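In each ligand, atom 1 is the first atom listed, and ligand 1 is the first ligand listed. Because the structure is predicted, anything quoted here is derived from the model rather than measured.
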Amino acid sequence: MEYRHLGKTGIRVSELSFGSWVTFHNQADVKAAVDMMSAAYEAGVNFFDNAEVYAGGKSEEVMGEAFKQLVWRRGSYLVSTKFYWGLYDGVNERNTLNRKRLIEGINGSLKRLQLDYVDLIYCHRPDKTTPIEETVWAMHNIIEWGKAFYWGTSEWDAAEIVSAIEIAERHHLHKPVTEQPIYNLFERQRFSRAYERVYKEYGYGATTFSPLASGLLSGKYSQGIPENSRAALKGYDWLHDHVTDKEKLTKVQELEPIAKELDCTLSQLGLAWCLKNPFVSTVITGASRVEQVYENMKASEVAPKLTPEILERIDKIFGVKKEEDED
Ligand SMILES: NC(=O)c1ccc[n+]([C@@H]2O[C@H](COP(=O)([O-])OP(=O)(O)OC[C@H]3O[C@@H](n4cnc5c(N)ncnc54)[C@H](OP(=O)(O)O)[C@@H]3O)[C@@H](O)[C@H]2O)c1
């Protein structure tokens with residue numbers, strides 16, 4: 001496992017990390033979480049991603065209980081959580097990054113995770129109604145109080161990120177240090193030219209999510225929706241169109257000969273492709289069972305096999321022309 005700096009911070013994250021969206025509580029109980037987290041940790045993963053909204057807070061509870069059982073040295077791993085959607089329907093508690101909600105949010109997350117601090121907190125989405133300055137101050141204060149060490153954004157646009165950085169610089173506050181964008185073979189737009197500027201000029205990190213497009217890139221949906229897959233879960237019908245899209249399935253099928261040539265699985269190829277982007281600090285993987293973790297962690301060994309020629313062949317499958325931006 002390689003470790004990359006989180007943007008221009010002093011902290012280093014394993015290039016593959018592990019997150020709990022959908023899976024913890026819904027598909028994985030504490031025992032399964034312990035198994036998957038240890039498999040990841042033993043493979044070198046040092047970063048575990050969560051959010052208060054995942055499974056309505058239960059995902060943090062499962063991860064917290066898992067940490068308790070795993071008794072790892074706290075300095076050996078990083079944990080993150082995120083705020084925006086909230087857990088309650090109060091007028092100041094949904095879809096917001098107001099100061100009150102963020103501070104109540106971190107206190108609730110720390111309780112559920114049974115931790116004194118998390119390492120990284122994210123604003124899970126931009127809030128168009130709260131002044132960015134208010135959010136920057138709240139994130140700064142949470143860090144100053146030792147409840148988190150770094151903060152970042154998720155799916156913010158480049159102008160919002162630059163605005164937050166500039167506000168923080170103006171007032172000598174803790175700046176956001178990383179974005180958490182979607183990034184996979186089908187979804188590259190967050191790495192368009194506009195974002196490259198944020199990565200290049202501000203040294204912003206990128207902790208990318210959904211590297212397998214919710215499992216589609218593993219090839220598991222080629223014969224329909226398997227019973228024990230994410231798309232078959234109650235409440236995930238919105239994924240059906242995505243995983244049964246003929247054009248997308250054809251592209252996945254076209255990747256198969258390349259995976260065969262490289263002696264890897266489609267999942268490993270999809271993850272390795274994300275790792276090749278030099279702006280990526282870590283690729284946050286997800287898994288519903290431990291076998292997937294074992295398989296996915298080997299993507300680190302596959303990445304060096306992705307030569308410029310192989311990358312060009314992959315781009316061709318996805319209709320991306322050389323030198324052309326992918327947005
Ligand atoms: N910031 C945000 O807004 C945001 C949004 C989404 C995710 N995230 C973060 O990113 C993490 C990863 O996202 P994701 O879960 O969507 O990642 P993903 O890699 O796109 O999908 C993971 C899912 O694909 C299936 N899978 C994984 N490995 C497989 C393998 N080797 N073979 C077959 N199926 C496999 C599993 O689902 P099944 O087995 O159930 O089919 C697994 O839960 C999340 O846990 C979360 O921490 C953040």
Side-chain angles (χ1 to χ4, degrees), residues 13 16-28 32-33 36-37 39-40 43 45 47-55 59-60 62-63 78-85 95 118 120-126 152-156 178-187 190 206-236 238-240 242-243 248 252 259 264-275 280-299 302:
V13 283
L16 292 172
S17 46
F18 188 71
S20 63
W21 179 53
V22 185
T23 55
F24 280 25
H25 179 72
N26 297 319
Q27 293 172 289
M36 290 194 283
M37 286 165 66
V45 165
F47 173 40
F48 297 88
D49 183 62
N50 215 319
E52 69 166 6
V53 76
Y54 293 169
S59 167
E60 288 180 328
V62 168
M63 192 176 272
L78 305 155
V79 192
S80 66
T81 194
K82 322 186 195 74
F83 310 104
Y84 171 69
W85 282 286
N95 305 351
V118 289
L120 181 56
I121 43 176
Y122 292 94
C123 295
H124 211 157
R125 288 293 179 272
T153 52
S154 180
E155 301 272 298
W156 282 34
T178 187
E179 166 61 14
Q180 186 170 136
I182 190 165
Y183 186 56
N184 61 52
L185 277 160
F186 288 112
E187 296 266 2
R190 289 275 154 190
T207 57
T208 64
F209 73 76
S210 292
L212 297 180
S214 273
L216 175 61
L217 285 160
S218 73
K220 74 196 305 170
Y221 292 104
S222 59
Q223 310 296 330
I225 299 178
E227 223 172 82
N228 58 358
S229 63
R230 175 176 294 182
L233 289 174
K234 209 171 149 231
Y236 286 83
W238 54 270
L239 265 182
H240 288 189
H242 164 65
V243 299
K248 287 181 178 167
V252 175
C264 70
T265 66
L266 280 174
S267 299
Q268 290 163 347
L269 181 61
L271 295 170
W273 179 85
C274 298
L275 287 173
V280 168
S281 318
T282 182
V283 174
I284 312 177
T285 66
S288 64
R289 42 196 151 271
V290 73
E291 294 73 23
Q292 294 173 351
V293 181
Y294 292 134
E295 178 183 337
N296 295 349
M297 292 301 128
K298 295 208 182 91
V302 176

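With hydrogens and angles disregarded, a donor-acceptor distance shorter than 3.5 Å links the side chain of E155 to the backbone of I182.
Ring geometry for Y54 versus W21: interplanar angle of 30 to 60°, hence tilted.
Using a heavy-atom distance under 4.0 Å as the criterion, the protein contacts of ligand 1 are G19, S20, W21, T23, Q27, D49, Y54, K82, H124, R125, S154, Q180, F209, S210, P211, L212, A213, S214, G215, S218, K220, Y221, S229, R230, S267, I284, T285, G286, A287, S288, R289, Q292, E295, N296.
Taking the six-membered ring wherever Trp is involved, the centroid distance between the rings of W273 and Y183 falls below 6.0 Å.
Between the side chains of Y122 and T207, at least one donor N or O sits under 3.5 Å from an acceptor N or O. Judged purely by distance below 3.5 Å, without hydrogens or angles, the side chains of E187 and S210 never pair a donor atom with an acceptor atom.
Remark: S267 pairs with no residue by the side-chain hydrogen bond (donor to acceptor under 3.5 Å, both in side chains) rule, at least two apart or across chains.
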